[in-house]
There are 2 protein chains.
Amino acid sequence: MEIRELRYFAAVAEELHFGKAAQRLEMAQPPLSRAIARLERQLGVTLLERTSRSVTLTEAGAVLLSEARSILSAVAAAERRTRQAAQSRPRLVLAVKSGTAGGLLAKLLDAYRAEPGAATVDLLLCEAHQQQELLHNGQADVALLHLPFDSTAGLDSEILYTEGQVAILPASHHLAGRSQVRVAEVSALPELPMARWPDHDGSYPAGPGPEVKNLTQLFQLIALGQATVIIPESAGTDLRRDLAAVPVLDAPPVTTVIAWPPQSRLRAAADLIRVATRL
Amino acid sequence: MEIRELRYFAAVAEELHFGKAAQRLEMAQPPLSRAIARLERQLGVTLLERTSRSVTLTEAGAVLLSEARSILSAVAAAERRTRQAAQSRPRLVLAVKSGTAGGLLAKLLDAYRAEPGAATVDLLLCEAHQQQELLHNGQADVALLHLPFDSTAGLDSEILYTEGQVAILPASHHLAGRSQVRVAEVSALPELPMARWPDHDGSYPAGPGPEVKNLTQLFQLIALGQATVIIPESAGTDLRRDLAAVPVLDAPPVTTVIAWPPQSRLRAAADLIRVATRL
DNA sequence: GTGCAGCGATACCCGGGCGGTATCGATCGG
DNA sequence: CCGATCGATACCGCCCGGGTATCGCTGCAC
């Protein structure tokens, strides 16, 4: 099994159309058909059921597609990381979501810069659901994730710290003066529906609240008395004057972890991780 | 970058000798030299420093070696899993260490067998340090691991349960009657040195205690008054009459987790995991 | 210092495989 | 029943991967 064959198979399995897949791969259709047939022969497995009108994945094909994606991603990562390691000036890409506790991040970067032989750290601002992919395909070396929202599937990680969550309310709201509230109290406010974040696939979950993309948007809406939200404490510091943050007693605690691909051998990444866990 | 090239590179990087590597790959040396040179040219990176007397890895080469091992492992896994998925009779390989809580395992297997469409579960008994590798290269689909001894690096996992640890002592020992002890008390017994388990690489850590390989050996030694050990509660149930288990207050708790490779798409594995978490 | 042994690189050759074009055969729609 | 669509097959040319022979360098023995 060669990488080229996996790339071919992935294209066909995703397009479910040999012609389209060949176009995507910038090659003619016959050699593609042959390559897939050969792959099937070598594996001794039928990957695709074809009629002259349609192509469908077999169960084995679905398994191989999932494995192929992960392998292709790993190969891209290997190329990127190898090239990176050959640079004289080591660089380290740290993937963070916009909204990651600014204080922690600044402290981490400062502490790391003080290390002997510290690499240049490039911050890669991204959406939450991209982080794992970036780590897996080598576009990032390290990421800060928030459990339980993000998953550390296939990654190594170390816990940095755990914090509670707060409800963000208009300063004038009657709950805003409370020293603490419960999830049920906040979600039971019909005049302030819970804002909705995009899901992993970019779509929004159903609900009455407004759809938001970032904290600025969100705070604007809350200040206008259009919504509320429950977010980690650290994201609710330094609020605008017209907003109030109230600790939510029974919201699940949020854990910030530093995560990296398990086979990572970058000295710079190891250093950053060591510094992070000692903060 | 092709898989063949990675296999070639890994062989050379491990042997640090083109001739030996070629022999291992069952090919002649010149095409191997050329393949590596081509790989370096395509990456634009020097992977190996060669003189006519020695071959050494560059930093970039070390990175690629680590990535290559993980990719080759993933490819082997992809082939195994694809072939497996094509079998009409689904099988599931569960990797467990000898010594894994028998009660939990039996309950899990019983509960899973009752599932509709349950696959045949093959138990793969192995050493602790093999489990991750088996999962990564596709020889196993699911494993039971024990934190903090085993690592879930690069795996998905769910916590099954957490237990304390007990010290195993000869029944006649003066600590055997205690309702609880501390780590310091047990490790401060010069007449009963702590038994040593093999490390990840098969070697034993230094220390005064006897080297043991399995529980039977170990219990024999303890009964003879030659050693003691601290192990998870569940491994210390149903002891021989001449042994006693005493809870160790300050030993770190042991968590049993069920772990699987993150890109796993096996329905049977998902079922088993669901059953396990509901036990 | 000289000759030899060990090792990686180079030169050259051959065959298989990969990719291309042309075409077939099956299937569905009108 | 005919044409459009789509995957498979036939056939061809060339590149590349692998083989053998040999070179060039280097460390070591004497």
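Proteins come first, then strands; the chains are lettered A, B, ... in the order of their sequence lines, and each starts at number 1.
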Rounded to the Å, how far apart are [X] [atom1] and [N] [atom2]?
X	N	atom1	atom2	value
A:E26	C:dG20	CD	C1'	15 Å
B:R38	C:dA9	CZ	C1'	15 Å
B:L16	C:dC7	CG	C1'	14 Å
B:Q23	C:dC7	CD	C1'	13 Å
B:E40	C:dG8	CD	C1'	12 Å
B:L48	C:dA9	CG	C1'	14 Å
B:F18	C:dC7	CZ	C1'	10 Å
B:K20	C:dC7	NZ	P	6 Å

Set out, in order, the CA-CA distance, both residues' side-chain angles and the distance that settles side-chain contact (heavy atoms from CB on, under 4.5 Å) for A:E158 and A:W260, then state yes or no. CA-CA 9 Å; A:E158 285 279 351; A:W260 63 95; 3.6 Å; yes
Going 5' to 3' along DNA chain D, which nucleotides are the first and last within contact of chain A (any atom under 4.0 Å from a heavy atom)?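 From 5' to 3', the first and last contacting nucleotides are D:dT5 to D:dT9.
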Heavy-atom neighbours of [X] [atom1] exceed 12 at 6.0 Å:
X	atom1	result
A:Q42	CD	yes
B:Q217	CD	yes
B:L123	CG	yes

Measure distances between side-chain N and O atoms of A:R34 and base N and O atoms of C:dG20, and say whether any donor-acceptor pair falls under 3.5 Å.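 It does, because a donor-acceptor pair links the side chain of A:R34 to the base of C:dG20 below 3.5 Å.
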Per-nucleotide protein contact string for nucleotides 23-30 of chain C (B base, S sugar-phosphate only, - none; heavy atom under 4.0 Å): ---BBS--
C:dG8 OP1/OP2 closer than 4.0 Å to side-chain N/O of B:S33: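 No.
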Can we say A:R50 and A:E40 salt-bridge, meaning some charged N sits less than 4.0 Å from an Asp/Glu carboxylate O? yes
With a 4.0 Å cut-off, would you call B:R91 and B:D141 a salt bridge?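 Answer for the salt bridge query: no.
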Suppose we screen for salt bridge (Lys or Arg N to Asp or Glu O under 4.0 Å). Which residues come up paired with B:R80, at least two apart in sequence or across chains?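 Residues passing salt bridge (Lys or Arg N to Asp or Glu O under 4.0 Å) with B:R80: none at all.
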By salt bridge (Lys or Arg N to Asp or Glu O under 4.0 Å) - contacts of B:E211 (at least two apart): B:R196
For residues 62-72 of chain B, which residue pairs pass the salt bridge (charged side-chain N to carboxylate O under 4.0 Å, His left out) check, not counting sequence neighbours?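 Found A:R81-B:E67, B:E14-B:R69.
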Residue among B:R278, B:R267, B:R274 satisfying salt bridge (Lys or Arg N to Asp or Glu O under 4.0 Å) with B:E115: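 Of the listed options, the one satisfying the test is B:R274.
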If you find the nucleotide of DNA chain D closest to A:G19 and the one closest to B:E5, which residue's nucleotide is nearer the 5' end?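 By nearest-heavy-atom nucleotide position, the 5'-most residue is A:G19.
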Specify the angle, to 10°, made by the local axes at the two ends of the helix from C:dG1-D:dC30 to C:dG30-D:dC1 when five pairs are taken at each end.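 Inter-axis angle at the ends, rounded: 20°.
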Checking side-chain contact (heavy atoms from CB on, under 4.5 Å) for the pair B:L160/B:V257: CA distance, chi angles, key distance, verdict? CA-CA 5 Å; B:L160 295 187; B:V257 303; 5.7 Å; no
